[in-house]
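What follows is a set of notes on a single structure, which appears directly below.
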Amino acid sequence: MKSKKILVWFRNDLRLHDNEMLVEAIAKSDCILPIYFFDPRYFESTSFETEKTGARRAQFLLESVSALRTAFQKLGGDILLIQGKPEEHIPIIVEQLEISEVYHHREVGPEETLVSGYVEDALWKLRVNLKHFIGHTLYNKEDLPFPIKDIPDVFTQFKKKTERDAIVKSCFESPLEVTFAENENWGALPSLLELGLAEPGFVSFDNETRGGELDGLEHLTKLLEPGSEIYTKYSSKVLADKQGFTSKISGWLSFGCLSPRKVYWMVKEAEASFGPNPNFNQILLGLLWRDYFRFMFKKHGIKFFQEPDFEEMILSPVEVDVAQVKKWKNGETGHLLVDKYMKELNDSGFIPHAARLVVATFLIHVLKVHWTIGAAYFEEKAY
């Protein structure tokens with residue numbers, strides 16, 4: 001009898017813990033083939049004269065994929081790494097290895113959704129199913145107190161009804177045993193140079209923040225330890241030299257190294273042990289905002305931006321004062337706070353939410369530059 005093989009296509013879900021897609025694939029198959037694509041479309045230049053993925057963000061991604069590979073190797077297997085487009089390679093692999101089904105996490109952004117559509121169309125011709133999972137949000141869509149089409153567009157209404165009538169489910173456990181499909185060549189992790197993001201002799205980043213599931217979990221654990229910064233009471237008035245508390249977990253959440261539910265339940269455990277804390281509330285509020293924006297994209301698509309010419313604007317950005325924008329990017333505007341934050345972004349790949357508001361407000365309302373210019377730059381620089 002032919003064994004059932006399931007191809008597990010990893011995207012922004014680079015973890016073992018709380019990964020329903022992975023858990024179900026293991027349960028429903030005789031063996032799995034994990035796979036990750038370094039899709040060239042995500043390493044190209046944009047019409048905004050930025051990189052889709054900057055070097056620092058790409059380094060965080062490479063570390064995250066490498067960490068997932070190590071986790072699978074400890075379980076006696078590996079993850080297939082390919083530089084190429086999923087829709088071109090998956091059908092070939094499915095036929096060669098007699099794959100029964102393909103699992104992946106559905107995204108809500110138009111570019112990611114388009115790629116899923118390409119893969120689904122290619123698999124349909126082979127009569128192979130692409131099964132979708134939703135694993136990026138705190139609340140599952142089926143657990144919300146309203147269907148997607150009726151989700152309130154106002155965040156405060158969404159928050160009130162969701163917190164009152166929905167529950168956050170417990171996390172799926174990390175698998176302890178996995179049977180992997182046989183494969184001769186698992187592929188090499190590309191370098192920044194091979195991704196087109198560095199020059200020969202490029203020096204690696206000296207950065208405390210590393211991508212990967214274990215690093216994310218370690219950061220979260222230290223964040224919640226007794227005596228850590230999270231228990232410090234900050235004034236509600238944020239001064240220029242004191243930004244207040246920031247968790248710095250966004251990178252791990254973005255690449256799926258941390259599950260939002262894992263963050264939620266670890267914060268809730270700390271709250272049960274040490275009592276309520278405004279900084280706990282800030283983290284949980286941030287998770288809810290993430291859900292809100294994802295569900296808004298699910299409900300409205302690209303129209304969520306409420307600009308009728310948005311897609312044309314992406315393809316042909318409005319003309320701007322190039323010199324002014326360059327000064328903003330380099331932290332040379334002459335505005336001390338804006339320049340401080342932009343240099344911090346360029347140096348570290350991260351600035352807290354309050355800082356993003358400051359630099360975005362300056363770009364849009366002082367320099368009169370359309371927000372898409374700033375968004376493209378943040379997409380390149382921030383992990």
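Predicted model, so just to flag it, every value in this text is computed and none were measured. Numbers here simply count residues along the sequence, with the first being 1. Atom set for the values below is all heavy atoms of this structure, side chains included, hydrogens, waters and symmetry mates excluded.
Inspection of the Y377 and N346 side chains reveals an N or O donor paired with an N or O acceptor under 3.5 Å. R11 and S116 share a side-chain donor-acceptor pair at under 3.5 Å. Using modelled atom types, one finds no donor on one side chain facing an acceptor on the other under 3.5 Å when comparing H136 with H105. With no hydrogens or angles considered, no side-chain donor-acceptor pair links D13 and H104 at under 3.5 Å. A side-chain donor-acceptor contact under 3.5 Å links H370 and T372. At a cut-off of 3.5 Å, with distance as the only test, no side-chain donor of H17 or E173 sits close to an acceptor on the other residue. At a cut-off of 3.5 Å, with distance as the only test, no side-chain donor of E271 or N277 sits close to an acceptor on the other residue. A donor-acceptor pair shorter than 3.5 Å can be found between the side chains of T46 and T50.
Between K4 and D30 there is no salt bridge, since no side-chain nitrogen of the basic residue lies less than 4.0 Å from a carboxylate oxygen of the acidic one. Salt-bridge annotation for E87 and R41: present, with a side-chain N of the basic residue lying under 4.0 Å from a carboxylate O of the acidic one. Ion pairing of D321 with K368 is absent here, as no side-chain N (NZ or NE/NH1/NH2) approaches a carboxylate O to less than 4.0 Å. By the 4.0 Å N-to-carboxylate-O rule, E101 lies too far from K28 to be salt-bridged with it. Contact check on E112 versus R106 returns no salt bridge, with no Lys/Arg side-chain nitrogen under 4.0 Å from an Asp/Glu carboxylate oxygen. A salt bridge links K222 and E218; the closest N-O separation between the charged side-chain nitrogens and carboxylate oxygens is under 4.0 Å.
Ring centers of F155 and W289: under 6.0 Å apart, within the cut-off. Remark: aromatic rings of F146 and F295 are distant, center separation not under 6.0 Å. Between F38 and Y36, the ring center distance clears the sub-6.0 Å criterion.
Here the NZ atom belonging to K329 is positioned 7.5 Å from the CD1 atom belonging to I373, to the nearest 0.5 angstrom.
At distances below 3.5 Å, not a single donor-acceptor pair connects side-chain atoms of D78 with backbone N or O atoms of Q73. Although no hydrogens or angles enter the test, the distance criterion places no donor-acceptor pair under 3.5 Å between the side chain of S348 and the main chain of L345. Within the 3.5 Å criterion, the main-chain N or O of V359 finds a donor-acceptor partner in the side chain of W328. Using a distance-only test at 3.5 Å, with no hydrogens or angles considered, a donor-acceptor pair links the side chain of D291 to the main chain of Y139.
A continuous path of ILVMFWY side-chain contacts below 4.5 Å connects L7 to F133, so both sit in one hydrophobic cluster. Residues V178 and I35 are members of one and the same hydrophobic cluster, defined by side-chain heavy-atom contacts under 4.5 angstrom among Ile, Leu, Val, Met, Phe, Trp and Tyr.
L33 has its side chain within reach of W186: a pair of non-hydrogen atoms, C-beta onward, lies under 4.5 Å apart. No side-chain heavy atom of Q324 sits under 4.5 Å from any side-chain heavy atom of V369. Side-chain contact between N140 and R261 is present, with heavy atoms from C-beta onward closer than 4.5 Å.
Under the 6.0 Å distance and 45° angle rule, K52 does not count as a cation-pi partner of Y42.
In the displayed structure, H132 atom NE2 is contacted under 6.0 Å by more than 12 heavy atoms of other residues, nucleotides or ligands.
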### Task
Decide yes or no on ring-ring contact (aromatic ring centres under 6.0 Å, His included) for F10 and F255, but give the supporting numbers first.
CA-CA 10 Å; F10 282 85; F255 288 110; over 10 Å; no
